[in-house]
Each structure stands twice: as structure tokens, then as C-alpha cells.
Amino acid sequence: MNVIEYTDLNMLREKLRRPAADVSQLEEKVAAIMRDVRTRGDDALRAYTEKFDGFAVKEFSVTEKEMGNAGKNISVELKNAIELAKQNIEKFHSLQKTPIVEVETMNGVKCWRKNVAIEKVGLYIPGGTAPLFSTVLMLAIPAKLAGCKEIILCTPPSENARLLARAITDGNDEVGQGMIHPAILFAAQICGVKNIFKVGGAQAIAAMAYGTGTIPRVDKIFGPGNSFVTCAKQLVSKEGIAIDIPAGPSELAVLADETVPAEFIAADLLSQAEHGTDSQVMVVSKNKMVLDNVRNEIEKQLEVLPRKKIADEALKKSFAILVKDETEAMDILNDYAPEHLILACADARALAERVVNAGSVFIGAWSPESAGDYASGTNHTLPTNGHARAWSGVSLDSFVKKITFQELSQEGLKNIGPAVEIMAEAEGLFAHKNAITLRLKKLRDALRPRSVREG
């Protein structure tokens, strides 16, 4: 972890630039995959699933039997934990529903806005070395609460899933067909998701964007993934397919002081560093001893991590920053706009009021980022790469469209019409003006005596 003593925000901004890769060649590869899926559909999916995942999948749909076995293949403790997380996520997201509020902006002019669910949504769930069954909860629960009519879930088959499942098959060819981690299937099952497909990578994004013989086309795609998945989402968004948020490598920033144990802070930093070699973490403090203690704790904890190599690579691109005071610290953190921000300090609640750019904020020594990743109730699908300056994380709103309505009475048109005529004429849009003028004339004519109208 690199140590920096803060002197100038512009200088620091350059040093804190997120790890970036040359994506030009990646885009070419991903675009070729997507063209192939668009042209050949399921045949292309089968070829890529065998090439990238090592499974000769004939049927992509998860069977009822596989769904029925999901709960048998994970521990009772894990099932209970997933159920608890589901309850908390449901509770938090259900409160995001907003009632219809009708307002009469002036006499005879009524306006309101209504939330309408996106009809078809696609959820992508990584399933390789880290099968993210928690992401099933984070995406499927708000989709269900919003009222989305069709929810499609794509996740790759994996050898890891086959090895971890205690009851694999009873002689059929499910192993050859590839298996999905049972925790992913169990989470989908308790969330009411039925359309689940064994396909991953850029090819899964293409399938949901364009539709194939087996996988339906959706209106919006959600979910994290590797660089191929991220690139595929960005490419389809250029074609008019909506995506959840700009995605990138995971990141965490911690504001720390001497009141929070260094081992807590080190554990939090490593929890994000282990996501991937391109992750980035940083700790900011006005106390040099705090930074030294945290770095020492990182070295101790790193030694026993199963994903040590991954975390170690991420730490090479991460930082410990010494500042003069909390004002400097908050300036740095708001400028960086982290995906996750932990305020591990004595006055954390007061400092939280000064946060303007962050995906999700964790307040105090007893609020680890892991709680938000899994079970506190907030959503863990968050903007990265500085996008928290303008983007929010996934919420119930992500799964709805907000449609506005207006209704004018004759009196309302008479009240507002002249102003609209003047404004339309000033912009040179005379057809706009005429839509008002014709109606006002009709109303005036209706008020005239018949003899005048006929004359």
C-alpha cells in the first residue's frame, strides 16, 4: 500500500486515478462475440459456454429438479442467513415506494407522476470463483417489489458449483450440462425468480439484449461482472438497451482515527481488495500512527487470506494518505467519490453529514462494509470509478419508469393557454401555438350567441 502525505488536491487526484486498462482490443473481442450471438443465437451461446466455461450445455434453462435440489445442497445455516438478508433487503426497499401525488398547478390544470414497472429485466449474476448469490437478492427483490412482469436471470455454469454441491446427480447428465451454485438457485427460488439460464460472460449480456431462441430479450440489464461483462453492458447501452449503472472494479475508502481498532480497518480494506486485482482501496487519517498500525495489520491478515494473491495485487494500487485535519480528509473523499465509504472515527455521524459523493456510507466502528454487501438491507450494486458524483446505487427506482400525466379542463386551458401561445411563438414553433389557439377559438365560439356564430 502506497503512503502519501497530502499537499495538494490536484496532485493527489492524479495519484488516485483508478487503475485503467487498454480496452480497445477488449471491445473488439466483445463486439465480435455479441455480433455472433445476435446472428446465431443459441448455437453461439453453446459454443462460447463450452469454450469459456468448459461445459457442453444443450439446454440453458435450469430445470425444476435443479431448483428443487438447490435447498438440499447448502447448509441450514446458510439458508437461514440468506432468509435473514432477504427480510432486511425487502424491508428497506419496500419503503422506497412512493405514492401518486396529484397537484393542481393552477385552476383547471392537474399534474401527477406514476411509477410504472419496467416490464422485462435481465439480471446477471457472476458464478465463478465468487458465486455472488447475494447479488440475486439485491436485484431480484427490488425487481419483484417494483412489479416487473418478466425477470430473466443469467449465470454461468461452473466446476466450483459442481464440487461444492453435496448431492450432485442421480445418474443423469446434469454434471455434463454444467451446474449453477446451489446458493444462487436457492436465493433465486425464495425471491420468486423462475427464468434462470446457464450462460455467462459477454454472451449472456448479448442474449438478454438481443434475445435468442431460448433467452428472451429484456428492456434493462442489471448486475456486475468481469471486464468482458462490463464491456458488453457498455456496448449494448450504446444501442439503446438500458443498464443499471456504470460498473467498474470494486473500491473502498476509510476515514480512520485512533478510536477504532486498526485490525477492524485493515479487515475492511482487505474485504474489498480481495474482490479483484483491479480493485482499489485507501485509508485516510490525520494520525500517522493510525496509518502505520493499519498497514501492519494488513500484512498480518493478508497472510491467512485464501485470496491473498488477488488482494496483494490490488494493494499495490492502493493508498494510505496522511492529512492535516478532517476538512482535508473530507475534501479528498468527496473528490474521490468512492463506491463504499467507511467513517471509522469518533465523530462519524457528524462527518456523515458532510458526505456529498459516495455510493454507500458506513458510519462508525461497528458498521463494516461487509454488512451492506450482504444483509443490512441497503443495496450493494453501487457506482464505481467516481460515478458516485452523479449516479446513485440500485434501488426500487432502478426498476421503474416515472411517467408524468396532466389533465386540463376547459377552464384550465383558458387559464394557461395564452402563456403557452406567447412562449411557443417566441420560440418560433407555430404548430405548438396553433394547438392552443384552435382550442381557445373553439371555446370562444361556443360562448357566442347562435346568431353571431351563424352570421
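We use all heavy atoms of the structure for the numbers below, so side chains are in, but hydrogens, waters and symmetry mates are not. Only a predicted model underlies this, so the values are computations on that prediction, with no experimental measurement involved.
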Between the side chain of [X] and the main-chain N/O of [Y], is any donor-acceptor distance below 3.5 Å?
X      : Y      : value
Ser367 : Phe362 : no
Ser237 : Gln234 : yes
Arg307 : Glu274 : yes
Asn226 : Val229 : yes
Thr49  : Val199 : no
Lys317 : Ser279 : no
Glu119 : Asp219 : no
Asp257 : Ala346 : yes
Asp268 : Pro368 : no
Gln87  : Leu84  : no

Quiz prompt | Reported CG-to-CD distance for the pair Leu78 and Glu83, which is rounded to 0.5 angstrom | solution =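 Output value for this atom pair is 10.5 Å.
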Quiz item: Just how far is it from atom CG of Asn293 to atom CD1 of Ile298, taken to the nearest 0.5 Å?
Solution: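 These two atoms lie 11.5 Å from each other.
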No-hydrogen, no-angle side-chain donor-acceptor test under 3.5 Å, [X] and [Y]:
X      : Y      : answer
Asp397 : Ser395 : no
Thr212 : Asp42  : yes
Glu339 : Ser250 : yes
Tyr48  : Asp36  : yes
Glu369 : Gln272 : yes
Gln280 : Tyr336 : yes

So that I can tick it off, tell me whether [Y] and [X] are bridged by a salt bridge, with the cut-off set at under 4.0 angstrom between side-chain N and carboxylate O.
X      : Y      : result
Glu313 : Lys316 : yes
Glu239 : Arg38  : yes
Glu14  : Arg17  : yes
Asp244 : Lys220 : no
Lys308 : Asp312 : no
Glu66  : Lys198 : yes
Arg46  : Asp43  : yes

Practice problem: Check the surroundings of atom NZ in Lys114: do more than 12 heavy atoms from other residues, nucleotides or ligands lie under 6.0 Å from it? | Solution: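 It does not: Lys114 NZ has 12 such atoms or fewer within range.
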Self-check item: Other residues, nucleotides, ligands: >12 heavy atoms within 6.0 Å of Lys401 NZ
Solution: yes
Show the nearest heavy-atom pair for residues [X] and [Y], with the distance to one decimal.
X      : Y      : answer
Met208 : Leu123 : SD-N, 4.0 Å
Gly225 : Tyr124 : CA-CE2, 4.4 Å
Gly393 : Ser398 : O-OG, 4.2 Å

Quiz item: Can you list the steps and then say if Thr384 with Ile245 is a side chain to side chain contact (heavy atoms under 4.5 Å, CB included)?
Solution: CA-CA 9 Å; Thr384 60; Ile245 51 177; over 6 Å; no
Quiz item: Testing Val290, Leu322, Ile342, Ile265 for side chain to side chain contact (heavy atoms under 4.5 Å, CB included) with Val283, which one passes?
Solution: Ile265
Practice problem: Evaluate the ring planes of His387 and Trp391, with Trp represented by its six-membered ring, and classify them as parallel (under 30°), tilted (30 to 60°) or perpendicular (over 60°). | Solution: perpendicular
Quiz item: Do the rings of Phe399 and Phe222 sit parallel, tilted or perpendicular, given the 30° and 60° boundaries?
Solution: parallel
Quiz item: Between Leu333 and Val355, is a side chain to side chain contact (heavy atoms under 4.5 Å, CB included) present by the stated rule, with each step listed?
Solution: CA-CA 8 Å; Leu333 293 167; Val355 176; over 6 Å; no
Quiz item: With sequence neighbours excluded, what pairs up with Tyr6 under the side chain to side chain donor-acceptor pair (under 3.5 Å) test?
Solution: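 Result, side chain to side chain donor-acceptor pair (under 3.5 Å) vs Tyr6: none returned.
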Quiz item: Could you go step by step and tell me if Arg354 and Thr327 meet the side chain to side chain contact (heavy atoms under 4.5 Å, CB included) rule?
Solution: CA-CA 10 Å; Arg354 295 164 62 178; Thr327 298; 3.5 Å; yes
Quiz item: What do the steps show when you test Gln301 against Leu305 for side chain to side chain contact (heavy atoms under 4.5 Å, CB included), and what is the final call?
Solution: CA-CA 7 Å; Gln301 294 182 27; Leu305 278 185; 5.6 Å; no
Quiz item: Is there a side-chain contact between Ile321 and Leu16 (heavy atoms, below 4.5 Å)?
Solution: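 Answer yes - side chains close enough.
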Quiz prompt | Non-hydrogen side-chain atoms of Val121 and Ile221 separated by less than 4.5 Å | solution =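 Not in contact.
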Self-check item: For His93, the option from Asn379, Asn88, Thr378 that meets side chain to side chain donor-acceptor pair (under 3.5 Å)
Solution: Asn379
Which donor-acceptor pairs under 3.5 Å do side chains of residues 130-155 form with protein atoms, sequence neighbours excluded?
residue	atom	partner	partner atom	Å
Thr135	OG1	His380	NE2	2.8
Lys144	NZ	Gly192	O	3.3
Thr155	OG1	Ile125	O	2.6

Could you pull out every donor-acceptor pair under 3.5 Å between side chains of residues 94-103 and any protein atom, sequence neighbours left out?
residue	atom	partner	partner atom	Å
Ser94	OG	Glu90	O	3.0
Ser94	OG	Lys91	O	3.0
Gln96	OE1	Leu396	N	2.8
Thr98	OG1	Asn115	ND2	3.1

